[in-house]
Amino acid sequence: MQKFYPEPEVSPAEVASRVDAPGERAAIDPGTPSADPAGSVVRDLDESLAGAGRVRIDAPELRGSLNPIGARIDDIELKTHRQTVEEDSGPIRLYAPSGTAGQKFAQFGWVGEGVALPDGDTVWQLVDGDELTQATPVTLGWDNGEGLSFTLKYEIDEHYMFTVEQSVENSGEGSVALRPYAVVNRTSANASDDLFNVHSGPIGAFDAEVDFGWDYDDIVEEGTVNNEGATNWVGFTDVYWMSALIPENDREATSAFRSLGNERYRADLYYEPMTLAAGEAVTHTTQLYAGAKESAVLDQYQDQGVAKFGNAIDWGWFGFIAWPMWQVLIFLFGVVGNFGVAIICLTFIIRLLLFPIAQKQFASMAQMRAVQPKMKALQERYKEDKPKLQQEMAKMYKEEKVNPLAGCLPIFLQIPIFFALYKVLMLAIEMRHEPFFLWLKDLSAPDPATILNLFGLLDFTPTGFLGIGILAVLLGFTMWLQFKLNPAAMDPMQQQIFMIMPWVLMFVMAPFAAGLLLYWITSNILTLAQQKYLYSKHPQLRAQAEKDATEKAKAAEREKSEETDKA
């Protein structure tokens, strides 16, 4: 039950009570957050963002600010994604300053021995630019007073990619040993749930292979996880959002995940140590992706050289179906302008592609119906000799050219298609808050018009499988009709199971995305239409279906009569 119906998300007040002061510094430490030393007080977000000297960020798809203390990117809101389906709900806050309830930030720096280096408490000076935009970079600088000058130049593109140049110049007399690094620090208190089919937590690509294997609990247990192989990118992901550090292509980099205690974690990216001689200057360029996991945007960066970046969306085992299906869905949306209509069109396409197989299924059912008398005769003759019965039935199938498994093929084919669409609806942020018609304002969320809230008249939403909505009822009804018209022979127990199953699935599917139910309902309706057409091509099946219905009605009438006589 926890997997499919997790507990409600923790409230901001509860989050605030669980975020404590930082623990001891790790090997690569960008400085400790400025939380209360006792760990009992969490900084207010508005007060944290009101600090002096912040440099404004204003890009096409995000806005926020740079914190001169620690030179952190710790204030990001996504302009194109809002918190809820309500248009006035405000933008998604992706980054928040250290010590706040939802802290998440990125920082760039150096470590070394015997030399003064900038840390989390260093106040950087604005060297160039006054606002970070797509057209105007910003440069921060700091001098250690011992011959080392450090600069951080920030750029941002039209989407969610920051480019940060870490430069250091040695104007002193001796050489120094330094190691550049970058980190993403976050709390898991506001992270998405990590389910068996949707990953949320540490993520990265190592030797061009994306690793979804670690979750937050694993990191707590291990303390520090050093990632094996060359790091292509590393960070943290939620269902819809991701932060990832990307090193320069021509520089070897390694990475690690660390647990800092109190639900705080860090992804570290660090380059090889270097020796900076007197009069020498060195620059390392690191990119930071901080934004929505939009498929087209991730693929664009992958085309630009970020290895396997499009695979940050975990399409799962059926990714070879899910990704093409998503591309078709995007195309259909571009044509019809509504994702609900696009899902219906996609269902038509899938059913059309499977129609030849459905024809074979019905032909196989007709053949099985034709050999039923022979099969019953064999079962009666060899009822005491099961091995012989199996041999004779196999011989009969061969002589009659009947494949008893042919009718199962469409079911097996639709299983990966169904799960692929399920993954698309769960993972594709482009589906988030996309409306259909009437009461369906978000196809990626459950149907809000449920029986318990009088189909939307009462202002509350039941949780879990109790939220039986209009779509769930339609799903159960259309599936019941589909099973009712099924001409396949079955014993009374099977008949009862198949008559109950639609209503069980109505409860099971009620909490799932409305778009998924819309697909299933459309598929059921098309299946009913397909059955009607194929019955006309195989009249023996229609005749048997009518015969079964008549016999069932007579049996029910007899049972009712017997109960009346007993009474």
Side-chain angles (χ1 to χ4, degrees), residues 9 57-65 73-87 89-96 102 104-106 132-134 155-163 184 186-188 190-194 198-205 210 212 233-246 267 287-304 306 308-315 319 322-323 326-327 329-330 333-334 339 423-435 441-445 513 515:
E9 292 185 2
I57 302 173
D58 190 7
E61 297 200 45
L62 60 82
R63 64 173 177 241
S65 62
I73 302 175
D74 65 356
D75 172 25
I76 294 179
E77 290 183 331
L78 305 183
K79 293 180 178 180
T80 53
H81 298 281
R82 57 183 183 268
Q83 297 177 21
T84 69
V85 71
E86 302 299 330
E87 293 190 4
S89 60
I92 286 290
R93 171 159 291 281
L94 188 65
Y95 277 21
K104 188 175 183 182
F105 59 87
L132 178 57
T133 70
Q134 185 182 353
E155 298 178 278
I156 190 169
D157 67 4
E158 71 275 19
H159 296 300
Y160 310 109
M161 189 71 82
F162 291 84
T163 300
V184 171
R186 74 161 298 168
T187 175
S188 65
N190 59 357
S192 304
D193 292 317
D194 183 44
V198 179
H199 177 67
S200 174
I203 190 174
V210 179
F212 299 96
W233 49 272
V234 65
F236 297 104
T237 183
D238 293 292
V239 174
Y240 292 129
W241 330 109
M242 184 172 69
S243 294
L245 296 165
I246 307 161
Q287 291 181 296
L288 168 69
Y289 184 89
K293 292 165 65 175
E294 297 169 6
S295 178
V297 174
L298 296 177
D299 290 341
Q300 174 185 325
Y301 291 126
Q302 180 171 307
D303 293 340
Q304 294 173 3
V306 184
K308 301 293 184 179
F309 211 50
N311 290 4
I313 300 176
D314 182 14
W315 297 113
W323 189 86
W326 173 234
Q327 300 305 307
L329 200 57
I330 291 176
F333 173 72
F339 265 114
K423 293 284 281 190
V424 166
L425 291 171
M426 288 189 69
L427 298 178
I429 192 172
E430 292 84 351
M431 295 290 297
R432 183 176 182 265
H433 297 164
E434 282 293 332
K441 306 298 184 183
D442 186 355
L443 288 168
S444 68

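All values below were derived from every heavy atom in this structure, side-chain atoms included, with hydrogens, water molecules and symmetry-related copies excluded. Given the structure is predicted, the values throughout are model-derived calculations rather than measurements.
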I'd like to know if Arg63 pairs up with Asp75 as an ion pair, taking the criterion as any Lys NZ or Arg NE/NH1/NH2 lying under 4.0 Å from an Asp or Glu carboxylate oxygen. no
Contact between Trp323 and Asp299 at the side-chain level, heavy atoms closer than 4.5 Å - yes or no? yes
Rounded to the nearest 0.5 angstrom, the OG1-CD distance for Thr133 and Glu155 is 10.5 Å
For the pair Lys79 (side chain) and Asp58 (backbone), establish whether a donor and an acceptor sit closer than 3.5 Å, ignoring hydrogens and angles. no
State the CZ-CG distance between Phe236 and Leu245, to the nearest 0.5 angstrom. 9.5 Å
Sub-4.5 Å side-chain heavy-atom contact between Met161 and Ile246: yes
To check you understand the geometry: which heavy-atom pair defines the closest contact between Val424 and Ala322, and what is its length? CG2-O, 3.6 Å
With the side chain counted from C-beta on, respond yes when Trp241 and Ile76 share a heavy-atom pair under 4.5 Å apart, and no when they do not. no
Between the main-chain N or O of Asp238 and the side-chain N or O of Lys293, is there a donor-acceptor pair closer than 3.5 Å? yes
Would you say that Lys104 contacts Ser243 through its side chain, given a criterion of any heavy-atom pair below 4.5 Å between the two side chains? yes
Any chance you could measure Gln134, atom CD, to His159, atom NE2, to the nearest 0.5 Å? 8.5 Å
Below 4.5 Å, heavy atoms only, C-beta onward: do Val210 and Asp314 meet side chain to side chain? no
Would you check if Leu132 and Phe162 make a side-chain contact, meaning some heavy-atom pair closer than 4.5 Å? yes
With a 4.5 Å cut-off on side-chain heavy atoms, are Gln300 and Glu294 touching? no
Any donor-acceptor pair under 3.5 Å linking the side-chain atoms of Ser192 with those of Tyr240? no
Between atom CE of Met242 and atom CD1 of Ile313, what is the distance when rounded to the nearest 0.5 Å? 8.0 Å
Closest contact, heavy atoms only, Gly291 versus Leu78: CA-CD2, 4.2 Å
Between the side chain of Gln302 and the main-chain N/O of Gly310, is any donor-acceptor distance below 3.5 Å? yes
Over all atoms of both residues, closest heavy-atom pair of Gly235 and Ala267: CA-CB, 3.9 Å
Could you check whether any side-chain heavy atom of Leu94 comes within less than 4.5 Å of a side-chain heavy atom of Leu62, counting everything from C-beta outward? no
Quick one: does any side-chain atom of Gln83 pair with a main-chain N or O of Ile92 as donor and acceptor, under 3.5 Å? no
Just to verify, what does Tyr289 make a ring-ring contact (aromatic ring centres under 6.0 Å, His included) with, not counting sequence neighbours? Tyr160, Tyr301, Phe309
